[in-house]
Novice: 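I am attaching a structure below and will ask some questions about it afterwards.
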Amino acid sequence: MSSSRPTWVAGNWKMHGSLAGNAALVDAIQKGLKAGITGEIVLCAPFPYLDQVSRLLSGSMMTLGAQDVSQDAAGAFTGDVSAAMLADFGCRYVLVGHSERRRLHGETDEKVAEKFGAALSAGLRPVLCLGETLAERKAGQTEKIVIRQLEAVLTLYGAAAFQNAVLAYEPVWAIGTGRVATPEEAEAVHRLLRERVAMKDSSIAAELRIVYGGSVKADNASFLFAQPNIDGGLIGGASLEAKDFLAICHAANF
Ligand code: PEP
């Protein structure tokens with residue numbers, strides 16, 4: 001973790017939660033956080049709970065995020081949620097291109113890039129998720145895949161767009177599997193991504209937070225976060241238990 005970049009850790013609750021469960025979880029996390037932290041802790045709740053979690057986070061050092069956003073601003077798009085709506089409910093961040101959206105909802109690089117742009121236009125900070133599948137890694141295509149996913153956004157919006165964004169490297173084979181990338185494997189991809197942004201703008205690349213996601217747990221977090229280009233984590237399963245999420249936040253120096 002670089003000392004110049006503020007740490008960033010987010011919980012992705014995926015399709016989990018209930019009114020009572022969310023209240024208990026947020027309360028337990030708040031109670032376990034030390035005062036005066038720098039950096040950011042973000043909770044990405046499902047759409048129906050954004051209002052509830054926004055209220056629960058009022059006055060807290062944590063901020064609110066959503067898990068997806070429409071690429072369109074308004075109109076006949078039944079079931080979709082616009083970036084302006086997320087902003088209305090106090091969201092600061094939104095995930096775009098999570099592998100579950102790419103895989104289960106057919107989201108292409110181009111669509112993910114449009115979502116990234118829609119988030120920025122509404123004043124939200126997009127968290128661009130990217131990563132290779134196991135087959136792609138085995139075929140030696142990791143670099144090609146993550147660069148292609150990054151370039152889809154870089155070409156449309158330029159490096160300046162990353163001033164207000166976060167990159168999340170999430171190897172698909174590590175998400176929810178218990179099989180975490182080694183710190184060296186993750187660091188190699190993070191370095192590559194930073195170098196690619198630096199080819200367009202070195203100062204934006206130096207400030208860009210690039211976080212790792214994929215089976216981060218209390219016992220592996222500190223090794224991952226010790227890498228110079230890993231600025232925090234995107235946490236799925238372990239964000240649903242206050243004790244586990246707090247241990248990861250503490251590993252990130254919160
Ligand atoms: C995720 O959902 O983005 C994720 C990284 O999940 P997990 O931590 O459970 O692997």
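In each ligand, atom 1 is the first atom listed, and ligand 1 is the first ligand listed. We count residues from 1, following the sequence as given. Side chains are part of it too, since the values below use all heavy atoms of this structure and drop only hydrogens, waters and symmetry mates. Nothing here was measured: the structure is a model prediction, and the numbers come from that model.
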Novice: Report the relative orientation of the aromatic rings in His190 and Tyr169; use parallel for angles under 30°, tilted for 30 to 60°, perpendicular for over 60°.
Specialist: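 Ring orientation of His190 relative to Tyr169: perpendicular.
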Novice: Side chains of Tyr212 and Glu187: donor-acceptor distance under 3.5 Å anywhere?
Specialist: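 Tyr212 vs Glu187: no donor-acceptor pair found between side chains.
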Novice: What residue and atom, counting heavy atoms only, is the protein's closest point to atom 1 (C) of ligand 1, and at what distance?
Specialist: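 That would be His98 NE2, 3.3 Å.
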Novice: One thing to verify: whether Asp72 and Lys115 come together as a salt bridge, which I'm taking to mean a side-chain N less than 4.0 angstrom from a carboxylate O.
Specialist: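 No.
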Novice: Work out whether the distance between some heavy atom of Ala174 and some atom of ligand 1 is less than 4.0 Å.
Specialist: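 Yes; Ala174 lies near enough to ligand 1 that a heavy-atom distance drops under 4.0 Å.
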Novice: Would you list the atom pairs, donor with acceptor, under 3.5 Å between side chains in residues 42-55 and any protein atom, with sequence neighbours excluded?
Specialist:
| residue | atom | partner | partner atom | Å |
| --- | --- | --- | --- | --- |
| Tyr49 | OH | Gly17 | O | 3.4 |
| Asp51 | OD1 | Arg55 | NE | 3.3 |
| Asp51 | OD1 | Arg55 | NH2 | 3.4 |
| Asp51 | OD2 | Arg55 | NE | 3.2 |
| Asp51 | OD2 | Arg55 | NH2 | 3.1 |
| Gln52 | OE1 | Asn22 | ND2 | 2.9 |
| Gln52 | NE2 | Leu19 | O | 2.7 |
| Ser54 | OG | Phe89 | O | 3.3 |

Novice: Nearest to atom 5 (C) of ligand 1, what protein heavy atom do you find, and at what distance?
Specialist: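 Its nearest protein heavy-atom neighbour is Glu170 OE2, 3.0 Å.
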Novice: Any carboxylate oxygen within less than 4.0 angstrom of a Lys/Arg side-chain nitrogen, looking at Arg102 and Glu107?
Specialist: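 The answer is no: the pair does not qualify as a salt bridge.
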Novice: Got an N/O contact under 3.5 Å between Lys217 and ligand 1?
Specialist: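 No - when backbone and side-chain N and O of Lys217 are compared with those of ligand 1, no distance drops under 3.5 Å.
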Novice: Have a look at ligand 1 and work out which part of Ser239, if any, has a heavy atom under 4.0 Å from it: side chain, backbone, both or neither.
Specialist: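 Contact part for Ser239 vs ligand 1: neither.
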Novice: Give the other cluster members for Trp173, using side-chain heavy-atom distances under 4.5 Å between Ile, Leu, Val, Met, Phe, Trp and Tyr residues; answer none if it is isolated.
Specialist: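 Answer for Trp173: Leu134.
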Novice: For atom 9 (O) of ligand 1, what is the nearest protein heavy atom, given as residue, atom name and distance?
Specialist: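 So the nearest neighbour among protein heavy atoms is Gly237 N, 2.8 Å.
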Novice: Does Ile175 approach ligand 1 within less than 4.0 angstrom via side chain, backbone, both or neither, non-hydrogen atoms only?
Specialist: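 The answer is both, backbone and side chain.
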Novice: Does any N or O atom in Thr177 lie less than 3.5 angstrom from one in ligand 1, N or O only?
Specialist: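 Not met; the criterion fails.
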Novice: Between Lys144 and Glu136 (salt bridge meaning N to carboxylate O under 4.0 Å), is one present in this structure?
Specialist: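 No, this pair does not count.
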Novice: Are Gly176 and ligand 1 in contact, using a heavy-atom cut-off of under 4.0 Å?
Specialist: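 Judged by the 4.0 Å heavy-atom criterion, Gly176 does count as contacting ligand 1.
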Novice: Please state which protein non-hydrogen atom is closest to atom 6 (O) of ligand 1 and give its distance, to 0.1 Å?
Specialist: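 Of the protein heavy atoms, Gly236 CA, 3.3 Å lies nearest.
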